[in-house]
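Structure first, commentary second.
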Amino acid sequence: MSTFQTLDSADLKGKRVLVRVDFNVPMHDGAVADVSRIERNALTITEIADRGGKVILLSHYGRPKGRDLKESLKPVVAAVADIIGRPIGFAEDCIGEVAEKAVAAMKPGDILCLENLRFHKGEEKNDRDFALKLARLGDLYVDDAFSVAHRAHASVDAIGHLLPVFAGRAMQDELDALEKALHAPERPVTAIVGGAKVSTKLDLLGNLIAKVETLIIAGGMANTFLAAQGKSVGKSLCENDLIKTAHDILAKAKSLKREIVLPVDAVVAQQFAAHAPSRVVSVDDVGPADMILDIGPRSIEQAISVLSRSKTLVWNGPFGAFEYEPFDNGTIEVAEAAAELTAAGRLVSIAGGGDTMAALNAAAVTDRFTYVSTAGGAFLEWLEGKKLPGVEVLMTLRTPAASYG
Ligand code: 3PG
Ligand code: MG
């Protein structure tokens with residue numbers, strides 16, 4: 001495995017430590033709906049504080065276009081303080097005088113979170129000047145956000161070329177666990193890819209199909225494949241402009257002799273809401289007013305039968321609209337089966353992603369999976385074998401002399 005510096009070799013005492021975390025957590029009615037990402041980052045935060053460092057937290061939240069207080073990190077920070085049981089200061093900007101004053105007032109062991117990085121355009125542009133403004137605030141940079149490692153953004157990439165870089169505990173743990181389980185996975189390998197971010201993930205399936213024996217396509221994404229097979233999907237989520245991509249992926253699977261598994265039946269409703277009246281239909285019988293909100297019992301059986309002849313499972317994205325009962329059923333049943341096979345020593349099960357974590361927590365199976373990653377998109381790109389900017393940046397040893405200036 002490639003080497004990188006961890007907190008073990010960092011001199012933290014009295015230092016201003018910039019820590020990239022991922023507080024991009026699901027929120028409902030102003031409260032954090034799933035705390036998993038925060039809990040993972042908590043280890044790094046408390047360790048640095050306990051070792052006398054000044055912890056300066058950097059994170060994005062949502063995808064704001066410029067400064068938009070609806071996407072402020074402030075409410076998230078209150079939840080983080082509760083979870084780690086320590087006060088956390090907040091600066092209403094991540095660069096400039098406001099941030100500099102807040103940092104200058106810190107004492108060793110203090111924790112400060114800076115406002116949403118994406119309020120500044122320079123963040124997503126990986127802008128060096130923006131990164132320099134961030135880097136001025138710290139002596140060291142700790143990357144603890146594997147779930148953002150696929151983004152070449154200033155707080156992930158550019159900043160790592162300006163300060164000494166260390167992997168935080170969550171990052172270290174993610175990379176170790178994924179490497180161990182998936183570097184040379186026991187075959188056959190099955191991937192389940194689902195969820196709602198269809199367009200960003202559809203392309204990636206083309207690479208993934210070469211790495212696995214079976215690919216189960218789930219969630220909203222499956223609808224585009226069903227449509228590519230000429231089926232009607234009614235009012236379901238479906239990206240018609242990606243039907244050609246779906247065709248290409250099916251053809252590639254065929255030529256590589258890999259199996260793609262699509263739903264054979266579906267739970268359909270005419271409203272996207274909890275307990276909306278629903279019925280089970282074959283995927284050949286979806287009506288024009290129907291929305292596919294979950295997989296049906298035959299598809300659940302089909303998925304479980306694939307898992308029982310697999311040795312390794314990688315899973316990103318739920319099967320249905322898991323946030324609304326009873327459309328969480330397919331995800332829960334398959335998760336339960338994967339957990340049982342894992343507990344019986346028959347399956348190595350790795351899952352990842354914000355929604356997937358929330359779904360597995362709701363199904364109470366997280367502890368029985370081999371490993372659950374905070375990352376969704378980053379996890380899939382890592383699986384594809386792509387180089388991730390946030391991981392690459394850890395790999396070059398830098399000394400303070402090579403720091404910004
Ligand atoms: C995520 O939720 O997947 C990460 O926080 C990255 O967010 P992004 O997809 O908006 O870059
Ligand atoms: Mg997400």
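Just follow the structure's listing: the first ligand is 1, and inside any ligand the first atom is 1.
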**OP:** Could you tell me whether some N/O pair between H153 and ligand 1 is separated by less than 3.5 angstrom?
**Re:**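 No; every N/O pair is 3.5 Å or more apart.
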Original post:
Under 3.5 Å between some N or O of ligand 1 and some N or O of S147?
Top reply: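 It does not: no N or O of S147 is found under 3.5 Å from an N or O of ligand 1.
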Original post:
Considering only heavy atoms, does E124 approach ligand 1 within less than 4.0 Å through its side chain, its backbone, both, or neither?
Top reply: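 Neither; no heavy atom under 4.0 Å.
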Original post:
Which is it for R37 and ligand 1 at heavy atoms under 4.0 Å: side chain, backbone, both or neither?
Top reply: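 Side chain only.
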Considering only heavy atoms of [X], which atoms of ligand 1 have at least one such atom less than 4.0 Å away?
{"X": "D22", "answer": "4 (C), 5 (O)"}
{"X": "N24", "answer": "1 (C), 2 (O), 4 (C), 5 (O), 7 (O)"}
{"X": "R63", "answer": "8 (P), 9 (O), 10 (O)"}
{"X": "R151", "answer": "8 (P), 9 (O), 11 (O)"}
{"X": "R118", "answer": "8 (P), 10 (O), 11 (O)"}

**OP:** Could you please spell out the steps behind the side chain to side chain donor-acceptor pair (under 3.5 Å) verdict for H153 and R20?
**Re:** CA-CA 11 Å; H153 292 176; R20 181 51 158 108; 5.4 Å; no
Original post:
How would you list, by chain and number, every residue that makes a salt bridge (Lys or Arg N to Asp or Glu O under 4.0 Å) with E325, sequence neighbours excluded?
Top reply: none
Subject >> N-O pairing of R169 and D173 below 4.0 Å >> reply: no
Subject >> Salt bridge present between K133 and D93 (N-O < 4.0 angstrom) >> reply: no
Original post:
Taking the six-membered ring of Y371, is NZ or CZ of R40 closer than 6.0 Å to its centre and within 45° of its axis?
Top reply: yes
Original post:
CE of M357 to OG of S147: how many Å apart, nearest 0.5 Å?
Top reply: 8.5 Å
**OP:** Verify whether one side chain among T342 and T370 offers a donor that lies under 3.5 Å from an acceptor in the other.
**Re:**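 Judged by distance alone, the side chains do not pair up.
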